[in-house]
Amino acid sequence: MKARATLVSAMISLGLGFSLPNIGAVAETIEAAYAISLATVGLFTTAVSLTHSLGQIPGGGLVDRFGAKRIAILGMAIVCTANAVALIAPEPALAIPCRALIGVGTSMAFVAASIYVREVGAVAQGVFGGAGLAGAGIAIAIMPPLADPLGWRGPWLMALALGGTALALTLIGPPGPKRVTRAQVPDAPSARRVFRDPAIYRLAAMHMAGMGLSIVVANWVVTLLTRAGDYSEDTAGLIGSVALLLGLITRPYGGWIFRHRPHWMRPALALSIVLSAAGTVAVAAAGPVWLSLLGTIVVGAAAGIPFAPAFTGAALRYPATPGVAVGFVNMLGNGVVVAGAPLLGLAFSLPGDGRIGYLVVAGIWLSALLAIPSMRELGLERRAAEPATGTEPGPASVEPGPG
């Protein structure tokens with residue numbers, strides 16, 4: 001049962017991760033087929049990213065009300081339908097609304113899949129998160145070779161295939177966790193407290209630093225290294241992909257620390273932040289290939305640690321409304337990507353070919369040290385004093401939030 005739930009959530013995450021960069025990976029093919037500029041192609045990604053971010057809290061509310069499995073099915077059905085409709089013709093007026101609708105579906109399915117697997121444990125939560133990065137990496141790796149045989153339909157067809165597989169697995173998967181009602185945990189904070197809860201903002205800061213800033217850094221690595229370091233595009237692309245792919249390993253490891261070594265969690269978060277900043281500085285140097293590769297390895301590995309504790313901690317803090325809590329944390333993390341990617345792009349108009357922007361990102365990363373959640377805010381205060389049991393703390397162990 002646990003393995004099946006983990007597989008379902010990972011497959012959903014894989015499909016959703018694929019849906020974000022799949023158009024950008026074949027931007028020139030889309031540009032030619034749709035007879036538009038590359039800037040307009042960029043709107044295809046903006047559309048899905050924006051609705052994915054804005055839909056997190058409403059999607060979480062639906063999960064809390066109707067259950068994780070139902071909303072995961074609904075979200076994936078929306079994703080599949082939108083991809084299928086976009087196959088009709090290469091028309092921007094059709095594609096951009098479809099991409100926006102895909103973002104609506106991914107926002108619902110992402111929160112639902114996170115809640116769906118939460119009872120399995122923090123390690124499974126990390127596997128779920130790592131699969132999303134793997135999906136993005138797969139899109140970047142396989143879409144360019146498929147551009148010739150599949151043409152403009154390639155991104156839509158592949159996203160439909162992965163989404164359809166995830167939908168089928170969800171339909172036949174386990175029922176998902178039972179909802180925890182307010183009556184069962186009367187002292188647990190309500191959903192409306194989320195927006196005034198300092199602890200949730202600290203948990204979100206970990207996700208913003210881990211997921212948000214790492215994707216912003218990875219997004220511009222190729223441009224930085226080709227302009228500032230005179231790297232070939234192939235070499236720069238290979239180095240840049242490392243920042244995404246290593247999260248497949250370290251996101252589950254962050255969950256393992258949360259579950260089995262709770263007293264390591266806060267030092268691990270601090271080390272993650274420091275190493276991520278240091279790796280960003282190494283990339284900013286745009287020096288020898290080994291240094292840039294080392295920098296992206298450090299960023300990719302370190303940035304994966306906060307994912308599982310941020311999501312698991314949010315769900316533990318709000319046991320009766322975990323969808324809203326997780327959605328809020330993920331909305332802020334995605335907000336960093338939506339706002340940070342274009343802002344870092346502006347740094348390439350300054351002297352240094354983008355180096356200044358990367359150094360600013362490193363400084364922002366270090367500022368997250370001021371926001372590391374306490375053991376209580378992570379939901380680990382009691383567990384740190386107990387022997388590891390192999391199970392996650394239940395609602396009864398959750399400390400009440402503000403109010």
Side-chain angles (χ1 to χ4, degrees), residues 126 129-130 133 201-225 227-229 236 239-251 253-254 257 264-310 329 332-348 350-374 378:
L133 290 180
Y201 284 94
R202 282 189 278 274
L203 291 167
M206 297 301 98
H207 187 48
M208 292 160 72
M211 185 279 289
L213 290 179
S214 66
I215 291 181
V216 169
V217 165
N219 188 70
W220 290 104
V221 162
V222 174
T223 305
L224 174 77
L225 296 180
R227 290 191 179 186
I239 291 173
S241 66
V242 171
L244 292 174
L245 295 177
L246 281 177
L248 181 61
I249 300 171
T250 56
R251 282 188 172 185
Y253 182 60
I257 295 173
W264 291 3
M265 196 70 258
R266 295 188 77 241
L269 290 171
L271 182 61
S272 163
I273 291 167
V274 171
L275 289 177
S276 296
T280 302
V281 171
V283 174
V289 170
W290 68 265
L291 181 61
S292 298
L293 180 59
L294 177 62
T296 54
I297 288 174
V298 170
V299 170
I305 298 298
F307 184 91
V329 167
L332 294 181
N334 279 280
V336 169
V337 179
V338 173
L343 287 175
L344 184 55
L346 290 175
F348 286 91
L350 301 174
D353 293 318
R355 289 185 177 97
I356 293 174
Y358 270 71
L359 293 176
V360 170
V361 170
I364 294 172
W365 226 317
L366 287 175
S367 71
L369 288 169
L370 302 174
I372 294 176
S374 68
L378 287 164

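Between Ala277 and Trp365, the closest heavy-atom pair is CB-CB, 4.0 Å. Of all the heavy atoms in Thr250 and Gly300, the pair that sits closest is OG1-O, 3.7 Å. Closest non-hydrogen pair, Tyr358 versus Ala284, comes out as CB-CB, 3.6 Å. The shortest non-hydrogen separation linking Ser276 to Val299 is O-CG2, 3.6 Å. Between Asp353 and Ala228, the shortest heavy-atom distance links the atoms CB-CB, 3.8 Å. When all heavy atoms of Met211 and Val337 are compared, the closest pair comes out as SD-CG2, 4.1 Å.
Scanning for side chain to side chain contact (heavy atoms under 4.5 Å, CB included) contacts around Met208 gives Ala204, Leu332, Val336, with sequence neighbours left out. In terms of the salt bridge (Lys or Arg N to Asp or Glu O under 4.0 Å) criterion, residue partners of Arg202 (sequence neighbours excluded) are, by chain and number, Glu377. Considering only residues two or more places apart in sequence or on other chains, Ala205 meets the side chain to side chain contact (heavy atoms under 4.5 Å, CB included) condition with Ala371.
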task: List the steps, then state whether side-chain contact (heavy atoms from CB on, under 4.5 Å) holds for Leu271 with Ile305.
output: CA-CA 9 Å; Leu271 182 61; Ile305 298 298; over 6 Å; no
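Each of Leu344, Leu343, Val283 was evaluated against Val361; a single residue qualifies, Leu344, per the side-chain contact (heavy atoms from CB on, under 4.5 Å) test. Here the rule is side-chain contact (heavy atoms from CB on, under 4.5 Å) with Ile239, and of Ile297, Val222, Leu225 only Leu225 fits it.
The main-chain N or O of Pro373 is found under 3.5 Å from a side-chain atom of Arg266 such that the two form a donor-acceptor pair.
Note on residues 278-297: pairs passing side-chain hydrogen bond (donor to acceptor under 3.5 Å, both in side chains), not counting sequence neighbours, are Tyr231-Ser292. Each side-chain hydrogen bond (donor to acceptor under 3.5 Å, both in side chains) pair with one or both residues in residues 337-347, not counting sequence neighbours, would appear here, but there are none. Screening residues 203-215 for side-chain hydrogen bond (donor to acceptor under 3.5 Å, both in side chains) gives His207-Asn330 as the qualifying pairs, with residues at least two apart or on separate chains.
Taking CE of Met206 as the start and OH of Tyr201 as the end, the distance is 15.0 Å to the nearest 0.5 Å. Taking CG of Leu346 as the reference point, atom CD1 of Ile356 lies at 12.5 Å (rounded to 0.5 Å). Taken from CG in Leu246 to CG in Leu133, the straight-line distance is 10.0 Å, to the nearest 0.5 Å.
The shortest side-chain heavy-atom distance between Leu203 and Leu378 falls under the 4.5 Å cut-off. Two residues are said to be in side-chain contact when any heavy atoms from C-beta on lie closer than 4.5 Å; Val298 and Leu275 meet this criterion.
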